[in-house]
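Here the structure is laid out as structure tokens; the discussion comes afterwards.
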Amino acid sequence: MIRLTHIDKRFGRSEVLRRVSVSAREGSVTALIGPSGAGKSTLLRCVNLLEIPDAGELVLGEEVVHFGSHPPGREAIRRVRRQTGMVFQNFQLFPHRTALGNVMEGLLVVQRWPQEKARAHAFELLDKVGLADKARSWPAQLSGGQQQRVAIARALASAPRVLLCDEPTSALDPELALEVVEVLTDLARDGTTMIIATHDLRLAAQVAGEVVVLEAGEVIESGPATALFNNPRHERTQRFIATLGHAHPSAGIGTISQRAS
Ligand code: ADP
Ligand code: MG
């Protein structure tokens, strides 16, 4: 279980998140959608404590962290980070490591696994994202979609409780985005818990069971994906979905259906 309760986050004078509460069951996929600047990335970064909220509470498995008068200690931050994996819009692979080296890195450095065990596990993960044959390739030799799949394998290496994805398809052409959507769909079927910030509605509709709509730092609507996309209650959600549907006709707003689960 992952639960954020009444999270406030300010940067200087600007209130970026206001009393935001979101919870996700183990094995569920939650999409955070909403206009640019809504606070989606900041909220994801509050889950792995790359940002420390000013108020509220985070529950991540056994870990309970309160924010407010004193910031969480380094040990608490480390325990939370170890339970999360993060995938970024622009992949952020190590350019001087092969695909395999990228996936092994955390296992060797953070988990201190022996080389052979790390190599074998990294191969399995690359196989899981369909890239066993690219293990020896350098990031520059891979397409954007392949690089993002390596980044997903790398994020999974430490067996995180939750995979956090920040706009995982946004830097990709549609057909490359599709291969990443397919990998995330497979992970969802396997029960990987994910929180995905995205304005790719095709991704949200295909992969997420739950959707949270953020606007200007507040949750304006949340609920099961099928209901929310087909029958949004909030007028601002309708408007947001309509804008994106127009910009990306392939999102097929009228025909969005939840993945068969
Ligand atoms: P989204 O991911 O929904 O586009 P963000 O979480 O990136 O939104 O940003 C929400 C707001 O917080 C924006 O107004 C952004 O400019 C601001 N913001 C994000 N990070 C910082 C930061 N490190 N310092 C100051 N302002 C920030
Ligand atoms: Mg963002």
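Whatever order the structure lists ligands and atoms in, that order sets their numbers, starting from 1. Being a predicted model, the structure only gives us computed values, none of them experimental.
Considering only non-hydrogen protein atoms, atom 7 (O) of ligand 1 sits nearest to Ser41 CB, 3.7 Å. The protein atom (non-hydrogen) at minimum distance from atom 19 (C) of ligand 1 is Phe11 CE1, 3.6 Å.
Contact annotation: Gly34 has no heavy atom less than 4.0 Å from any atom of ligand 1. At least one heavy atom of Gly39 sits closer than 4.0 Å to an atom of ligand 1.
Within 4.0 Å of atom 23 (N) of ligand 1, at least one protein heavy atom is present. Distances from atom 15 (C) of ligand 1 to the protein include no heavy-atom value under 4.0 Å.
Residue Ala38 has at least one heavy-atom neighbour below 4.0 Å for each of these atoms of ligand 1: 1 (P), 3 (O), 8 (O).
Glu57 and His6 form no side-chain donor-acceptor contact under 3.5 Å, judged by distance and modelled atom types alone. The closest side-chain donor-acceptor pair between Ser170 and Gln89, if any, does not fall under 3.5 angstrom.
Between Ile152 and Leu156 there is a side-chain heavy-atom pair separated by less than 4.5 Å. For the pair Arg78/Arg74, no side-chain contact is recorded, criterion being any heavy-atom separation below 4.5 Å from C-beta on. Contact check for Phe91 versus Leu142: no side-chain heavy atoms found under the 4.5 Å cut-off.
With 2.8 Å as the limit, Gln89 does not count as an N, O or S neighbour of the Mg ion (ligand 2).
By the 3.5 Å distance cut-off applied to N or O atoms, Gly37 is counted among the residues near ligand 1. Checked against a 3.5 angstrom limit, the closest N/O atoms of Lys40 and ligand 1 fall inside it.
The backbone of Pro35, and not its side chain, has at least one atom closer than 4.0 Å to an atom of ligand 1 (non-hydrogen atoms only; backbone = N, CA, C, O). Of all the heavy atoms of Val16, the ones lying under 4.0 Å from any atom of ligand 1 belong exclusively to the side chain.
Within a 6.0 Å radius of CD in Glu175, other residues, nucleotides and ligands contribute more than 12 heavy atoms. Surrounding CZ of Arg19 are at most 12 heavy atoms belonging to other residues, nucleotides or ligands under 6.0 Å away.
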(request) Evaluate the side chain to side chain contact (heavy atoms under 4.5 Å, CB included) criterion for residues Arg25 and Glu210: first the C-alpha distance (whole Å), next the side-chain angles of each, then the deciding distance (0.1 Å), finally the verdict. (result) CA-CA 10 Å; Arg25 281 171 295 107; Glu210 303 292 319; 4.1 Å; yes
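Between Lys128 and Glu124 there is no salt bridge, since no side-chain N of the basic residue sits under 4.0 Å from a carboxylate O of the acidic one.
Taking each of Thr42, Ile33, Leu32 in turn, the one with a heavy atom nearest to atom 6 (O) of ligand 1 proves to be Thr42.
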